[in-house]
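Counting from 1, the numbers follow the sequence of the chain as shown. One-based numbering, in listed order, for ligands and for the atoms of each.
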Amino acid sequence: HEESHITDYSFPFEGPFGTYDQAQLQRGMKVYTEVCSSCHGLKFVPIRSVGDESGPNLPDAQVRAYAEFFEIWDPTMADGQGDFRPATPTDTFPESSMANAPDLSLMAKARAGFHGPYGLGINQFLKGMGGPEYIASLMTGYTGEQRTQAGATLYENTAFPGGWIAMPPPLYGDDVSFDTDAPTDLESLSKDVSAFLMWTAEPKLAARKQAGFTGVLMLSVLAVLLYLTNKRIWAPIK
Ligand code: HEM
């Protein structure tokens, strides 16, 4: 078993005060839409959430136009026989169209990038879970080697556990174009799509951190008050 290699890429949503970069989520969404969605799905993600303020924050008209890009199977169409129709914002993203391509809704939280040492998970404590780092490393980890095994083509990848993955390299660099001057090299696109998939897996990240910070702040105030109370209570005895 070969050790898989994960690069500790940095993301704007890391750390106790990190938040998503809206422009990066929009770029990652474009990569997902134009490249990944031909095989993978996001069946747990409502399309309307791309209009969320804490997410890609697309204006309403763009959310509607974006939804129509996807065809979904609707069992109520054609007098109950079912038919495909363009999606609307209230639908979820389509599921994976390719049987062995896993759904990516929660992938950034389902995979860890950092482990050990010795099963203690100290690397996770110091560097985070590393789901987005894993996905970005997977995108950049192809060596160019491939082999056929039991009729299936496998591609050598330094991030994938075991070293050989059934997914052909999805990104090469310059796979999509942006209206901004954001870079489109392989590493940049890989980080962008990983950030987008982190958002689909944890859309409430900013709210969670905010609540955590408020909690810590309240506990700090309480700790000071309890310290002073304790002093006063014991003052006559000491
Ligand atoms: C697996 C991401 C495009 C086919 C995966 C996995 C991730 C991923 C994270 C899971 C790896 C694991 O189990 O740890 C992406 C991203 C894409 C993309 C971010 C776009 C940039 C594609 C495309 C295809 C595809 C276009 C089809 C041509 C597959 C297949 C697997 C897979 C078949 C299963 C591989 C295996 O278990 O050996 N992908 N993917 N993916 N993907 Fe993709």
Protein contact to atom 6 (C) of ligand 1 [nearest heavy atom, distance to 0.1 Å]: L138 CD2, 4.0 Å
Just which atoms of ligand 1 are under 4.0 Å from any heavy atom in I165? 35 (C), 36 (C), 38 (O)
Apply the side-chain hydrogen bond (donor to acceptor under 3.5 Å, both in side chains) test between D192 and each candidate in R27, Q26, K30; give the one that qualifies. R27
Atom name of the N, O or S atom of H40 nearest to atom 43 (Fe) of ligand 1 is NE2
May I ask you to decide if the ring planes of F69 and Y66 are parallel, tilted or perpendicular, using 30° and 60° as cut-offs? parallel
A166 heavy atoms within 4.0 Å reach ligand 1 at atoms 35 (C), 36 (C), 38 (O)
Only heavy atoms of R111, strictly under 4.0 Å: list the atoms of ligand 1 that pass. 12 (C), 13 (O), 14 (O)
Against heavy atoms of Y134, which atoms of ligand 1 measure under 4.0 Å? 11 (C), 12 (C), 14 (O)
For the CZ atom on R232, are there more than 12 heavy atoms of other groups (residues, nucleotides or ligands in this structure) within a distance under 6.0 Å? no
Can you tell me if Y32 has a non-hydrogen atom under 4.0 Å from ligand 1? no
Should F160 and L138 count as side-chain neighbours, where that means a heavy-atom distance under 4.5 Å? yes
Between L154 and ligand 1, find which residue part has any heavy-atom pair under 4.0 Å and reply side chain, backbone, both or neither. neither
Donor-acceptor check, side chain of S49 to backbone of V45, threshold 3.5 angstrom: yes or no? no
Aromatic contact, F93 with F44 (centres under 6.0 Å): no
Between R64 and E68, is there a salt bridge with N-O shorter than 4.0 Å? no
Which residue and non-hydrogen atom of the protein lie closest to atom 37 (O) of ligand 1, and at what distance in Å? F160 CZ, 4.0 Å
For S38, atoms of ligand 1 separated by under 4.0 Å from a heavy atom: 26 (C)
Does any part of the side chain of E95, heavy atoms only, come nearer than 4.5 Å to the side chain of W73, both counted from C-beta? no
Any heavy atom of P170 under 4.0 Å from ligand 1? The part involved is side chain
Show the atoms of ligand 1 that are less than 4.0 angstrom away from any heavy atom in P102. 1 (C), 31 (C), 32 (C), 34 (C)
Any N/O/S atom, side chain or main chain, of C39 closer to atom 43 (Fe) of ligand 1 than 2.8 Å? no
Out of M167, M107, M139, the nearest non-hydrogen contact to atom 4 (C) of ligand 1 is supplied by M167
For atom 20 (C) of ligand 1, which protein heavy atom lies nearest, and how many Å away is it? C36 SG, 2.1 Å
Less than 4.0 Å between a side-chain N and a carboxylate O, is that true for D74 and R85? yes
Tell me, do F13 and D21 make a side-chain contact under 4.5 Å, heavy atoms counted? no
What protein heavy atom sits nearest atom 34 (C) of ligand 1, and how far off is it? N100 O, 3.3 Å
